[in-house]
Structures are given as structure tokens and as C-alpha cells.
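The model shown is predicted, which means the values in this text are computed figures rather than measured ones.
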Amino acid sequence: MLTHTRTTRIEWGDCDPAGIIFYPRYFEIFDISTTMLIERATGMKKIEYLKAYAIAGHPVVETRAKFRLPTRFGDEVAIESAVVACGRSSFKIEHRLTHAGALAAEGFETRVWVARDRDDSTRMKSQPIPPEVVARLTHGGG
């Protein structure tokens, strides 16, 4: 399965008054990491693959996290994201956020490949993930 690792710094705006990351910020970090993983798989920036595949996106339909160690303002962290399952129109990603080699947080997402409903543009409808994207997500290509 495809993996992607990136690093980022915990900024002041990510933290609560005690200087510890405010937990919803982890979900933002995971969301960005998912986009970067799919960009790697498709070889395109998000704006490009949305147009190329005529989709509205890949929204989260289920998410959860485990918080193991606090991260603080100024910490450099690494986020490893991996596709762990890929179905007809959905896929699962796991994220591991580490600080100084120690596991600080884990994130788990299920996402669905969607397009606007042709009969009602205010609604989205799941779409099959294109075979070439499935191949790249499941075999690490891209």
C-alpha cells in the first residue's frame, strides 16, 4: 500500500493556552497528509485531480484518533500516512504522528470518492475510484 511521510512544526496557533496542541488540530494535520498522499498517487495537485477525475472530493465518513503523547509549540513532528484498504468507492488511511521518534498520535480515516449528483447538485454521490488510482494507492505507485 502507498505511504507518504512529511514533517511539520507545531505552531502557536495550533496550541491551547498551555502551549499543548489543541486536539482538533491533529485532524487538520491528518487531512493535509491525506491530500498529499493522494497527490503523490495521482501525480497531480488536488485542484488538478479533482478536475481530471470530475470529482467533488474525498470526504471523511468516519474518523477517530488515539492521543498518546502531547506535542507542544515548536515541536517538529513527522506524519506517516498509509493507505490500508481500498474498496470500490472508499478507502482507509492510517496516520502516525511522531515527535523525536516517539508515537504521539494516531489517526484513522475512511473516505469516499464522490462527485456531484447529476440530478441534485446540492448532493454528492459516491463514485468508483478509477482503476489506475486504486492501483497506485494499493501498490505504492505514483
Inset, instruction - With rounding to the nearest 0.5 Å, note down the distance linking CD in E76 to OG1 in T8. - result: 7.5 Å
Inset, instruction - Please collect all ring-ring contact (aromatic ring centres under 6.0 Å, His included) contacts where either partner lies in residues 63-88, sequence neighbours excluded, each pair once. - result: W12-F73, Y26-F67
Inset, instruction - Could you tell me the separation between the CD1 atom of I55 and the CG atom of L50, rounded to the nearest 0.5 Å? - result: 5.0 Å
Legend entry - Partner set under side chain to side chain donor-acceptor pair (under 3.5 Å) for R68, not counting sequence neighbours: E106
Inset, instruction - Could you grab the distance from atom CZ of F30 to atom CD1 of I79, nearest 0.5 Å is fine? - result: 8.0 Å
Inset, instruction - Starting from the C-alpha separation in whole Å, work towards a yes-or-no answer on side chain to side chain contact (heavy atoms under 4.5 Å, CB included) for I21 and D16. - result: CA-CA 6 Å; I21 192 168; D16 63 17; over 6 Å; no
Legend entry - side chain to side chain donor-acceptor pair (under 3.5 Å) against R72, all qualifying residues, sequence neighbours excluded: none
Inset, instruction - Output the rest of the hydrophobic cluster of L103: all Ile, Leu, Val, Met, Phe, Trp and Tyr residues reachable through side-chain heavy-atom contacts under 4.5 Å, sorted by chain and number. - result: none
Legend entry - Linked hydrophobic residues, I20 as query - side chain contacts closer than 4.5 Å: none
Inset, instruction - Name all residues meeting the side chain to side chain contact (heavy atoms under 4.5 Å, CB included) criterion together with E39; count only those two or more places apart in sequence or in a different chain, and write none if there are none. - result: T35, M36, K45, K46, Y49
Inset, instruction - Applying salt bridge (charged side-chain N to carboxylate O under 4.0 Å, His left out), name anything that partners D14, two or more places apart in sequence or on another chain. - result: R25
Legend entry - Heavy-atom pair with the smallest gap, counting every atom of S33 and R6: OG-NE, 2.8 Å
Legend entry - Spatial distance of atom CD (E11) from atom CG (D75) [nearest 0.5 Å]: 11.0 Å
Inset, instruction - Step by step, work out the side chain to side chain contact (heavy atoms under 4.5 Å, CB included) result for T110 and V60. - result: CA-CA 6 Å; T110 301; V60 172; over 6 Å; no
Inset, instruction - Report yes if the side chains of L37 and V83 come closer than 4.5 Å at any heavy-atom pair, otherwise no. - result: yes
Legend entry - Nearest heavy-atom neighbours spanning C15 and G19: SG-O, 3.5 Å
Inset, instruction - To the nearest 0.5 Å, tell me how far I93 CD1 sits from T34 OG1. - result: 4.0 Å
Legend entry - Same cluster (ILVMFWY, side-chain, under 4.5 Å), V77 and F22: yes
Legend entry - Shared hydrophobic cluster, I32 / L97 (ILVMFWY, side-chain heavy atoms < 4.5 Å): no
Inset, instruction - Give me the one residue out of H58, E109, M1 that meets side-chain contact (heavy atoms from CB on, under 4.5 Å) with F91. - result: H58
Legend entry - E48: side chain to side chain donor-acceptor pair (under 3.5 Å) partners, not counting sequence neighbours: none
Only distances under 3.5 Å count here; give the side-chain donor-acceptor pairs of residues 122-133 to other protein atoms, sequence neighbours excluded, each with its distance to 0.1 Å.
| unit_1 | atom_1 | unit_2 | atom_2 | d |
| --- | --- | --- | --- | --- |
| T122 | OG1 | D120 | OD1 | 2.6 |
| T122 | OG1 | D120 | OD2 | 3.4 |
| Q127 | NE2 | K125 | O | 3.4 |

Legend entry - Straight-line distance of R40 CZ to T5 OG1, nearest 0.5 Å: 8.0 Å
Inset, instruction - Name all residues meeting the side chain to side chain contact (heavy atoms under 4.5 Å, CB included) criterion together with D31; count only those two or more places apart in sequence or in a different chain, and write none if there are none. - result: R111
Inset, instruction - Scan residues 78-91 for pairs that pass side chain to side chain donor-acceptor pair (under 3.5 Å), counting only residues two or more places apart or in two chains. - result: S81-H95
Inset, instruction - Enumerate the residue pairs fulfilling ring-ring contact (aromatic ring centres under 6.0 Å, His included) with a member in residues 98-121, sequence neighbours excluded, ordered by first and then second residue. - result: Y53-W113
Legend entry - Same apolar cluster (I L V M F W Y, side chains within < 4.5 Å links), L137/V84: no
